[in-house]
2 protein chains.
Amino acid sequence: MSFDELTPEPMSYLGQVAYLQLDQFESIARTVSMAPDLASKERLSPAASAALAKHQGVIAEIRRRGAEPDAVMAPFAEAIDRYQRATQGARWHEALLSNHLTAGLLDDFFISLASGLPGDFGPRVASVLAADSGREQIVEMLGEAIAADPVLGSRLAMWGRRLVGDTLLLARSGLSLSGDAASDESRIEPVFTELIAAHTRRMDALGLTA
Amino acid sequence: MSFDELTPEPMSYLGQVAYLQLDQFESIARTVSMAPDLASKERLSPAASAALAKHQGVIAEIRRRGAEPDAVMAPFAEAIDRYQRATQGARWHEALLSNHLTAGLLDDFFISLASGLPGDFGPRVASVLAADSGREQIVEMLGEAIAADPVLGSRLAMWGRRLVGDTLLLARSGLSLSGDAASDESRIEPVFTELIAAHTRRMDALGLTA
């Protein structure tokens with residue numbers, strides 16, 4: 001029994017990943033528009049580029065397989081847009097934290113699933129998703145702000161918990177489940193445990209209690 | 001007498017160009033959020049990437065010269081933000097046209113000025129700005145919509161005229177003028193004539209009367 005049996009068929013996989021990266025880009029762009037100053041705005045640009053580069057890498061894969069990217073992405077747009085609205089965050093530091101944590105969780109998740117794709121195609125997509133995410137400066141900005149303001153830290157710790165919940169629900173909805181709940185759970189659980197452990201390390205690195 | 005004597009000192013030049021490209025990126029991201037459908041959204045992503053890549057290329061040049069990008073960009077932020085608000089466009093096709101025409105005009109303008117920069121630094125910046133702008137699909141979307149709707153075409157032709165006016169005013173404000181109006185004008189005029197000619201070709205290619 002392995003997790004990669006839950007990988008959806010390739011076009012569903014690619015459509016979800018492509019739309020999620022486009023959505024990450026839009027979300028980072030919204031965060032840019034909330035930036036309190038020019039330096040902060042500038043520090044978001046590597047993350048915006050990286051999300052777009054990943055989006056374009058996945059789109060290239062869709063076209064290589066002879067499909068139209070928008071048709072392949074369309075079935076996932078509504079659920080992902082709803083997720084995005086719920087997780088954008090209304091304030092600057094919340095939005096920053098969302099951009100960091102949701103990208104981390106979702107990239108890890110889809111990299112785990114890539115091994116269930118046929119042929120050489122899984123490793124190729126995994127390498128697109130594993131490329132540098134340009135989020136170092138987001139981490140720096142958050143770390144500085146949290147160190148300086150314990151109240152902000154406790155608010156962001158709560159926000160981080162909300163994000164992990166919403167993100168794992170979205171991730172789960174992308175799996176191709178067998179319908180046998182016990183067997184599905186036993187395959188999902190170890191991977192989700194790892195995703196949460198990586199998330200907790202990201203929270204710790206910011207000085208936040210997961 | 002040559003135009004490149006009007007090139008501002010290198011840090012002013014770089015600050016303007018860096019902030020303009022960041023602004024182009026933000027503007028394209030806003031246009032993405034106005035897209036009527038997923039395919040249109042997707043077709044904007046190469047232009048967003050290209051603006052970010054140009055921004056980052058210029059930022060790298062600022063750092064190479066030992067300066068802080070935000071300090072160098074800050075003096076230009078207010079005027080460029082105001083320009084951006086005036087030229088964003090409230091409707092999808094207006095916003096698309098703005099993204100296309102303003103990037104075309106401003107890239108051409110700053111490439112012309114680059115020859116007045118000292119050392120090997122002008123050619124390096126010019127090559128960053130002359131890189132592919134990823135706007136082919138914007139042109140396609142506009143061309144299709146204009147061909148199908150003459151009323152839209154006439155509205156966009158007016159919008160294009162407004163854009164060229166605002167953009168040339170902004171461009172002019174970035175020049176290092178001598179204070180001798182006659183001599184300044186005689187240097188500016190041939191370059192602005194060329195910028196307008198290139199703009200007119202872009203309008204023609206869309207089926208719009210400049």
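All values derive from a computational prediction rather than experimental measurement. Every chain is numbered from 1, with letters handed out A, B, ... down the list of sequences.
Of the atoms belonging to A:Ile59, it is side-chain heavy atoms, and not backbone ones, that fall under 4.5 Å from chain B.
With a 6.0 Å radius and a threshold of 12 heavy atoms from other residues, nucleotides or ligands, B:Glu194 has its CD atom at or below the threshold. When the shell of 6.0 Å around CD of A:Glu78 is examined, it contains 12 or fewer heavy atoms from other residues, nucleotides or ligands.
Contacts between residues 38-50 of chain B and chain A, defined by a heavy-atom separation under 4.5 Å, are made by B:Leu38, B:Ala39, B:Lys41, B:Glu42, B:Ser45, B:Pro46, B:Ala48, B:Ser49.
B:Asp37 is not listed as a side-chain neighbour of A:Asp70, based on a closest heavy-atom distance of 4.5 Å or more.
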